[in-house]
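Down below is the structure, laid out as structure tokens.
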Amino acid sequence: MPKRPAPRQDAKRGPDPAAVAGGAAGDGPPVSELIPGRPTLTGVREAAEGCQACDLYRNATQTVFGEGPGKADVMLVGEQPGDAEDLAGHPFVGPAGKLLDRALTEAGIDRKVVYVTNVVKHFKWEPRGKRRIHEKPNSAEIAACRPWLETELALVRPRVLVCLGATAAQALLGRSFKVTQHRGTFVPSSLAPRVTATVHPSSILRAPDEESRRAEMRRFVADLGRVAAELSPE
Ligand code: SF4
């Protein structure tokens with residue numbers, strides 16, 4: 001077992017009072033003040049390393065910024081880095097990331113044309129025994145982190161934007177967007193020429209049995225297949 005880096009704050013100290021109140025009180029300036037005047041992906045990624053704009057940085061190991069080509073055809077946006085991503089410092093490298101890689105391959109999307117990122121860049125978790133269990137970021141934390149995502153979108157300018165899971169979809173497409181109802185459909189949005197949503201790959205891993213996992217994987221690959229069709233030359 002690799003040694004887990006110590007969190008920046010002992011989880012036993014409890015959450016920040018402002019976070020309990022639904023805020024996202026960090027200890028640093030807002031993200032808008034951290035973004036370089038002439039942003040580049042490298043410059044923005046470096047600036048995000050020291051971000052303390054919301055409370056999430058405290059219990060996480062490091063900022064996990066988006067990764068992929070500077071002019072990617074496709075941007076995939078998830079909710080937040082998970083346990084493995086927090087330790088590695090890279091997005092979608094854990095079990096859900098490996099499943100995503102497999103699904104992209106099956107859908108015929110070259111991983112090299114894909115930029116992957118999350119709506120928040122620090123891992124939010126709660127202790128359960130020795131494990132760190134994913135906890136959903138609240139709307140204040142998502143709002144605090146949003147300028148990083150907007151800057152990624154402005155720099156990468158993907159042809160197709162894909163929200164992975166309800167948190168990303170509702171953050172980017174509005175709270176009334178229901179992934180269960182609208183997955184795989186393209187919706188009008190100013191964020192990219194083509195915008196869609198599907199499930200988060202971690203939900204497939206949580207399927208109750210092998211049969212439903214296979215069925216969910218087929219649906220996920222079908223959704224990504226619609227993205228692949230958008231990339232094909234006419
Ligand atoms: S989650 Fe986003 S806004 Fe909050 S500290 Fe991390 S990078 Fe900054």
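Sequence positions, counted from 1, serve as the residue numbers for this chain. Whatever order the structure lists ligands and atoms in, that order sets their numbers, starting from 1.
- Cation-pi check for Arg45 over Phe65 is not met; the charged atom does not lie both under 6.0 angstrom from the ring centroid and within 45 degrees of its normal.
- Residue contact annotation: Cys54 places an N/O/S atom under 2.8 Å from atom 4 (Fe) of ligand 1.
- The shortest heavy-atom contact between Tyr115 and Leu41 is OH-CD2, 3.7 Å.
- Shortest contact from atom 8 (Fe) of ligand 1 to any protein heavy atom: Cys51 SG, 2.3 Å.
- For ligand 1, the atoms sitting less than 4.0 Å from at least one non-hydrogen atom of Ala53 are 3 (S), 5 (S), 8 (Fe), numbered in the order shown with element in parentheses.
- Counting only heavy atoms of the protein, atom 6 (Fe) of ligand 1 lies nearest to His122 ND1, 2.1 Å.
- With 2.8 Å as the limit, Cys145 does not count as an N, O or S neighbour of atom 8 (Fe) of ligand 1.
- Interface atoms of ligand 1 facing Lys121, defined by a heavy-atom separation under 4.0 Å, are 1 (S), 7 (S).
- Of the candidates Val116, Leu99, Asp101, Phe92 forms a side-chain contact (heavy atoms from CB on, under 4.5 Å) with just one, namely Val116.
- The minimum heavy-atom distance linking Leu100 with Pro201 is given by the pair CB-CG, 4.1 Å.
- Side-chain atoms of Arg213 come within 3.5 Å of backbone N or O of Ala207 as a donor-acceptor pair.
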